[in-house]
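Encoded as structure tokens, the structure appears first; notes follow it.
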Amino acid sequence: MGKKLGKQTIMLDHPAKIIGNFSIVGEKEGQGNFASYFDMILKDDKYGQKTYEKAEKKMMLEAIKGCLHKAHLTTSQVELYLAGDLLNQIISASFSARELDCSYLGIYGACSTMSEILGIGALLMDTGAYDHILCATGSHFTTAERQYRYPLELGNQRPPTSQWTITGAGASMLSKEGNAPKITHVTFGKVMDYNIKDVNNMGAAMAPAAMDTLITLFQDTHTQPKDYDLIVTGDLGKLGSEILMDLMENKGYTLGKNYADCGQMMYTNNQKTYQGGSGAGCSAVVFNSYLVDKLKKKEYKKIIFAATGALLSTTSSQQGESIPGICHAIIVEGA
Amino acid sequence: MWLLYLKVFLVGGLICMLGQILIIKTNITSARILVLFVTIGAILEALGLYDPIVEFAGAGATVPITGFGRSLAKGAIDAVKQQGLLGVFTGGLTATAGGIAAAVIFAYIFSLLFSSKTKKY
Amino acid sequence: MNDIERDKKYNDYVQAKIPKTKNFPTLIYSYLVGGIICLLGQGIHDAILAIWPQVTQEQANVWMLIVLIFIASFLTGLGLYDKIGIFAGGGSIVPITGFSNSITSPAMEYKKEGIIFGICVKMFSVAGPVIVNGVVISFIIGLIYLFI
């Protein structure tokens, strides 16, 4: 069993190996900076389905299928399926589990879902009880817009601090055995709320949580930012990641060139997304394409993957509540 | 004739730009803007200040949603003069019934005919 | 964990950090588009009066609004109105066409949830407050006029 370091970090005895990874994205993301790394790019955001919600579910299923294929496994070899998404009652995750024949845990972590389920998966793997755990999450621009914001055809302007929920899904296959990038440490974060109420400025709401989790991880493991090839946060966006760098600087940790943010990197500058990408799919597709690939090729030896989430609902923000942020971090080492 | 069109453009554009200034300054949602402008239009009409603007700028004052507020107020005032207390209830909606009915009916028809499309930017 | 002073400091810091965008062009665009929509309205109004001389000024006004509402609703259906909106902002929200757009767009958006619970229930999810507020304010104004 893993050993607890400090207050929040767990060092795993038997690191979970990521033997399969798959990413699928929408058309707009397919024109972004990571285009050449994604496994599959959709031409049609509706994916041949009747509704966008069905399309999101189908994306997750496709990611699972692709992930199993790349890991050379069959559906029957999966023992546990961990998943989550942004929709009410996490329907995409649960409805995709309907097609699988294994235990299922549905987890809501907003946009932090990917690192949360990878962390939980790695810990469960460390118990020795499981051989293969499948982790998947995704988001869809249109379904998120329908649920959290306005109808698509409403003629309003997006504020300059807003981000673009990405259309995409990512899946990782964790395995007990194998020669693949491995999850060695897990730090589950605390909910941090610095009283940001602007729902169009998620980066600012989540940055304090990212700061807290990263500092805790550095303290617990007695490491410094420079000990890692890459420290990557989920979807803070341009503004949020600048805020995080300032916050860390104030606490005596300098995030230099080895720091990046999935949301900020997702789109090119002329794709008009203002602060960049967001959504559960954002960190999931970057992790399951670019990051795992680089780890496999040994271009990165050791990275911190810290997906960030804003734990609000439309009800809470209408009632004037501020936005609680969360960030879960995992350390992944190359094979 | 052409002078009227110039006035329509200038006044109509100005009212819309005031809305845009509000959006930039306060990040207000479009529903709130519509509510605010309807209320302002109705109050101005009740004070007798909106009719002169309509006299001056025609559609420049009736097309912006403030004109909708003006119709509501005008309808209520006229109906009260004719029917008393009943007019308090019937006036506003009677005067704006055409616009509301048109919006509902066309929305119904076009929502059956078309589906919303994904945004690209 | 709650720390009012820390939160206030952070909020002030974030406010200062938000990038300042160039707002001036959007003011011009909203002026232009808003002005053009009003011109279109005046044109329709005058055309109706010219074609049907028996129509009163008042009736022509209502017809003009109905035509504008139709055009905006149709453009919303074609998926063009939101593109005008991205460009024009207040210029396409404030005119009556924006009201029409805010009724047609949720109706279209939620039709997959059915005609009753989708189209009919959600139709007023954006513009409902406008009608509710409008009715209330006309009631108040009527009431005041009744007593003076």
Side-chain angles (χ1 to χ4, degrees), chain B residues 4-5 8-10 12-17 19-21 23-24 30-31 33-35 37-39 42 46 58-60 62-65 67-69 72-73 75-77 79-80 84-85 87-89 91-93 96 98-100 102-104 106-108 110-117 119, chain C residues 23 26-27 30-39 41-42 45 61-62 64-66 68-70 73-74 76-79 82 86 89-91 93-100 102-105 107-109 111 119 123 126-127 129-131 133-135 137-139 141-146:
Chain B
L4 173 67
Y5 276 73
V8 168
F9 179 78
L10 290 178
L14 182 70
I15 297 174
C16 294
M17 193 179 74
Q20 180 66 11
I21 291 173
I23 295 176
I24 293 169
S30 61
I33 293 203
L34 292 177
V35 168
F37 273 57
V38 164
T39 310
T62 52
V63 170
I65 197 80
F68 187 76
L72 283 164
I77 293 166
V80 165
L85 183 61
V88 174
F89 286 94
L93 274 182
T96 52
I100 295 175
V104 169
F106 296 138
Y108 198 97
F110 289 125
S111 66
L112 289 175
L113 293 179
F114 298 106
S115 293
S116 47
K117 293 152 207 70
K119 282 193 186 194
Chain C
N23 289 323
T26 69
L27 294 185
S30 66
Y31 200 114
L32 275 178
V33 174
I36 289 168
I37 292 173
C38 293
L39 273 183
Q42 186 70 35
H45 176 266
N61 231 333
V62 179
M64 177 263 284
L65 293 179
I66 291 175
L68 282 181
I69 286 168
F70 172 82
S73 192
F74 186 58
T76 306
L78 293 178
D82 64 318
I86 290 169
I93 291 173
V94 175
I96 194 81
T97 50
F99 174 71
S100 173
S102 62
I103 291 182
T104 307
S105 59
M108 274 168 70
E109 185 68 55
K111 80 166 170 181
I119 295 178
M123 188 179 274
V126 180
V130 180
I131 293 172
N133 259 282
V135 169
I137 196 118
S138 79
F139 173 80
I141 288 171
L143 212 56
I144 293 171
Y145 261 77
L146 191 66

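So you know, we letter chains A, B, ... as the sequences are listed, proteins then strands, and number each from 1.
Interface summary for chain B: among C:Val62, C:Asn61, C:Leu65, the most heavy-atom pairs under 4.5 angstrom belong to C:Asn61. No other option in C:Ser138, C:Ala107, C:Gly34, C:Cys38 has as many heavy-atom pairs under 4.5 Å with chain B as C:Cys38. In terms of heavy-atom pairs under 4.5 Å with chain C, the best-connected choice from B:Phe68, B:Phe37, B:Phe106, B:Phe89 is B:Phe106. Chain B forms the most heavy-atom pairs under 4.5 Å with one residue out of C:Gly142, C:Gly98, C:Gly77, and that residue is C:Gly77. For chain C, the option among B:Gly75, B:Ala46, B:Gly19, B:Gly87 with the highest count of heavy-atom pairs below 4.5 Å is B:Ala46. Contact tally against chain C (heavy-atom pairs below 4.5 Å) for B:Ile100, B:Val63, B:Leu10, B:Leu113: the top residue is B:Val63. Contact count against chain C (heavy-atom pairs under 4.5 Å) is highest for B:Leu14 among B:Thr39, B:Leu14, B:Thr62, B:Val38.
Looking at C:Ile131, the atoms closer than 4.5 Å to chain B (heavy atoms on both sides) all sit in the side chain, from C-beta outward. Only the side chain of C:Ile137 comes within contact range of chain B, judged by heavy atoms closer than 4.5 Å. Of the two parts of B:Ile33, only the side chain, counted from C-beta on, holds a non-hydrogen atom closer than 4.5 Å to a non-hydrogen atom of chain C. At a 4.5 Å heavy-atom cutoff, the contact between B:Leu4 and chain C is made by side-chain atoms alone. Proximity to chain C involves both the backbone and the side chain of B:Tyr5, based on heavy atoms less than 4.5 angstrom apart. For C:Ile93, the parts sitting under 4.5 Å from any heavy atom of chain B are the backbone and the side chain alike. For C:Leu27, the parts lying under 4.5 angstrom from a heavy atom of chain B are both the backbone and the side chain. For chain C, the nearby part of B:Ile24 is the side chain; its heavy atoms alone come within less than 4.5 Å. Contact of B:Ile23 with chain C is made through the side chain alone, with heavy-atom distances under 4.5 Å. For C:Ala127, no part sits under 4.5 Å from any heavy atom of chain B, backbone or side chain.
Taking all atoms of both residues into account, the shortest heavy-atom contact from C:Ile37 to C:Pro95 is CG2-CB, 3.9 Å. Contact detail for C:Gly134 and B:Leu72: the closest heavy-atom pair is CA-CD1, 3.3 Å. The minimum heavy-atom distance linking B:Ala59 with C:Met64 is given by the pair CB-CE, 4.2 Å. The shortest heavy-atom contact between C:Gly90 and B:Gln20 is N-OE1, 2.6 Å. The heavy-atom pair separating B:Ala73 from C:Ile141 by the smallest distance is CB-CD1, 3.7 Å. Nearest heavy-atom pair across B:Tyr108 and C:Ile119 is CD1-CG2, 4.3 Å.
Remark: B:Cys16 SG to C:Leu32 CG distance equals 11.0 Å, nearest 0.5 Å.
For the residue pair C:Ser73/C:Thr104, the side-chain donor-acceptor check at 3.5 Å is satisfied.
Considering only heavy atoms from C-beta on, C:Ser102 comes within 4.5 Å of B:Leu34 through its side chain. Annotation: side chain of B:Ile65 is in contact with side chain of C:Ile96 (closest heavy-atom distance under 4.5 Å).
In this pair, C:Phe74 and C:Phe70 present their aromatic rings parallel. The plane angle is below 30°, not in the 30 to 60° band.
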